[in-house]
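Let me begin by presenting the structure, written as structure tokens, before commenting on it.
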There are 2 protein chains.
Amino acid sequence: MTLTDRQREIYDYIVAFRRENGCSPSIPEIQKHFDIRSPNGVAGHLAALEAKGVIRMADRIGSRRIEVVAEKQVPSELLHALPVFGHIPAGPPQEFQSTSAESTAIFDETMLGFKPKEGCFLLKVRGESMKDAGILNGDMVVIEPTPSPAAGQIVAALIDGESTLKRLVRVKGRWFLKAENADYPELYPRADLVVQGVVRTVVRKLG
Amino acid sequence: MTLTDRQREIYDYIVAFRRENGCSPSIPEIQKHFDIRSPNGVAGHLAALEAKGVIRMADRIGSRRIEVVAEKQVPSELLHALPVFGHIPAGPPQEFQSTSAESTAIFDETMLGFKPKEGCFLLKVRGESMKDAGILNGDMVVIEPTPSPAAGQIVAALIDGESTLKRLVRVKGRWFLKAENADYPELYPRADLVVQGVVRTVVRKLG
DNA sequence: AGTCATAGTGTAATTATTTACACTTTAGAG
DNA sequence: CTCTAAAGTGTAAATAATTACACTATGACT
């Protein structure tokens, strides 16, 4: 059963109001917005919308009980906004919190695989240095700043003023950074390198 | 300035109520929950919480105007819930809409890279058949059912009753499915295969 | 001993909101 | 032409929610 034009107007207003204000409009507010002079005018529409199953009244007493059925109820404590960078800014980790983020992406914690602390960010990968580890040019990676990364983790490091991804390995008690691409078999001693963080999640968009 | 124990209890209740009901509790509702006999008992807490900057009153007249400052206002039309499957169920695409989903994941449209239509789902990858395309065992991929996939796209296909990922290629006018792993150089003619959909997004969680 | 912040009680007035009921207008369908 | 659904007007009562004011109790700090 489809909505009439008027019902859709009212429905759209409720959805917009909820998005804007985080709660439903009251009947008088709907009246004012549509210049309907009687609360019953609105009540009729609400009854019709409820009969058609697109809204529902919350089962409690009180005001503002309209709920939009189609609205997904996202437990927002499981969503995390991460800043997106095109490259890793040099300098101490604190400085690039809010300064040069190009945008923000929302991540579901179950997809992220961990609970991000302050300082996590998304980075667009440039270069194929970790191709054999399944990280390609153009992928997005979630970086978690870590004071002490473990052997075997993939880290973002500043090498010669440029940030790249490498795997942190330990050979005969010494730390190295290793590219995983048959074409770049370099090994960098970790000594004078700044490790910015470890890669926790990889995301790739395909055509 | 930190909250007192009591203020934190009330704050937590407001946050929980908002998550549960999509709108703030009224003062009488807070009273009932904490067994506070005077509306002013609650009003004092609200004033303190507002002074400390953790809540704010919506600037409109009316009821239920408490807003939680820390709450991220996510434009929910850019978030999409996708069902998660451990494997691709056989059978017509419509049948596995809500039947056997193991869970649901929320995706930001900007991370997804496209606006998902009905029928999209997340699939846990088993096997290394697309290793050289950067898709590894255990990765999650977003599958979009497509009636006519294009050459070069990675598709999920039912081969010998088992679903795997392959790249769709066209050689001398004929369609084939090709694994991208030096160890499995098979080419499957497309003829008798059911293509379930194309891979649009790849997500990998790392330790 | 006095002051202040915190956390209330109790009451009342005012405003907002819902709900109920009786009735009207208009346009389309049979 | 009659009937019905949709979209109202108008009013009233009942309930819910906010706001304001006067006052109390307790513990920490000075």
Side-chain angles (χ1 to χ4, degrees), chain A residues 1-69 71, chain B residues 1-69 71:
Chain A
M1 216 198 282
T2 58
L3 304 184
T4 67
D5 290 355
R6 192 57 162 166
Q7 284 166 4
R8 173 146 296 279
E9 281 185 328
I10 306 238
Y11 176 79
D12 288 345
Y13 175 70
I14 293 170
V15 171
F17 189 104
R18 284 182 60 83
R19 182 141 57 229
E20 185 100 8
N21 297 282
C23 73
S24 307
S26 63
I27 290 173
E29 281 165 345
I30 301 175
Q31 274 181 262
K32 270 162 222 149
H33 186 262
F34 289 100
D35 209 18
I36 294 171
R37 259 163 292 184
S38 164
N40 195 40
V42 175
H45 285 299
L46 295 183
L49 289 173
E50 190 171 13
K52 291 181 179 182
V54 297
I55 66 169
R56 119 177 56 85
M57 296 317 246
D59 83 335
R60 51 179 168 85
I61 50 162
S63 56
R64 300 176 190 274
R65 307 203 321 272
I66 307 168
E67 293 179 346
V68 174
V69 171
E71 220 168 64
Chain B
M1 218 197 281
T2 57
L3 303 185
T4 65
D5 289 355
R6 192 56 160 166
Q7 284 166 4
R8 173 145 296 280
E9 282 185 329
I10 304 231
Y11 176 79
D12 288 346
Y13 176 69
I14 294 170
V15 171
F17 190 103
R18 284 184 59 82
R19 182 148 59 239
E20 186 100 8
N21 297 282
C23 74
S24 306
S26 63
I27 289 173
E29 280 164 346
I30 301 176
Q31 273 181 261
K32 270 162 222 149
H33 186 263
F34 289 99
D35 209 18
I36 294 172
R37 261 164 289 184
S38 165
N40 194 40
V42 174
H45 286 300
L46 296 183
L49 290 172
E50 190 171 12
K52 292 182 178 180
V54 298
I55 66 170
R56 118 179 58 86
M57 296 317 243
D59 85 336
R60 52 178 168 85
I61 48 161
S63 56
R64 299 176 191 275
R65 308 200 323 272
I66 306 169
E67 293 179 348
V68 174
V69 171
E71 222 167 62

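Letters A, B, ... are given to chains in the order of the sequence lines, protein chains preceding strands, and every chain is numbered from 1.
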Does the side chain of [X] reach to within under 4.5 Å of the side chain of [Y], using non-hydrogen atoms?
{"X": "A:Ile27", "Y": "A:Leu46", "answer": "yes"}
{"X": "B:Phe34", "Y": "B:Arg6", "answer": "yes"}
{"X": "A:His45", "Y": "A:Tyr11", "answer": "no"}
{"X": "B:Ser63", "Y": "A:Ser63", "answer": "yes"}
{"X": "A:Val69", "Y": "A:Val54", "answer": "no"}

ask   = Hey, does the side chain of A:His45 come within less than 4.0 Å of D:dA7's phosphate (OP1/OP2), counting only N and O?
value =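 So the side-chain polar atoms of A:His45 do come within 4.0 Å of the phosphate oxygens OP1 or OP2 of D:dA7, strictly under.
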inquiry  = Any side-chain N or O of B:Thr4 below 4.0 angstrom from OP1/OP2 of C:dA7?
reply    =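 It does, given that an N or O in the side chain of B:Thr4 lies less than 4.0 Å from OP1 or OP2 of C:dA7.
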query = What string of B, S and - do you get for nucleotides 9-22 of chain D 5' to 3' if you count protein non-hydrogen atoms under 4.0 Å?
reply = BBB----SSSB-BB
request  = Spell out, as yes or no, whether a donor-acceptor pair under 3.5 Å connects the side chain of B:Glu29 to the backbone of B:Ser26.
outcome  =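 Checking the backbone N and O of B:Ser26 against the side chain of B:Glu29, a donor-acceptor pair under 3.5 Å is found.
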query = Between the main-chain N or O of A:Gly53 and the side-chain N or O of A:Arg56, is there a donor-acceptor pair closer than 3.5 Å?
reply =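 Not at all, since once roles are kept as given, no pair shorter than 3.5 Å links the two residues.
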Separation of [N] [atom2] from [X] [atom1] (nearest whole Å):
{"X": "A:Ile66", "N": "C:dT18", "atom1": "CD1", "atom2": "C1'", "answer": "11 Å"}
{"X": "A:Gln7", "N": "D:dA5", "atom1": "CD", "atom2": "P", "answer": "13 Å"}
{"X": "B:His33", "N": "C:dG8", "atom1": "NE2", "atom2": "P", "answer": "14 Å"}
{"X": "A:Leu46", "N": "C:dA20", "atom1": "CG", "atom2": "C1'", "answer": "15 Å"}
{"X": "A:Asp5", "N": "C:dA27", "atom1": "CG", "atom2": "C1'", "answer": "14 Å"}

Could you run down the sub-3.5 Å N/O contacts of the protein with nucleotides 27-30 of chain D?
none

ask   = So which pairs with a foot in residues 31-55 of chain B pass salt bridge (Lys or Arg N to Asp or Glu O under 4.0 Å), sequence neighbours left out?
value =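 Not a single pair qualifies under salt bridge (Lys or Arg N to Asp or Glu O under 4.0 Å).
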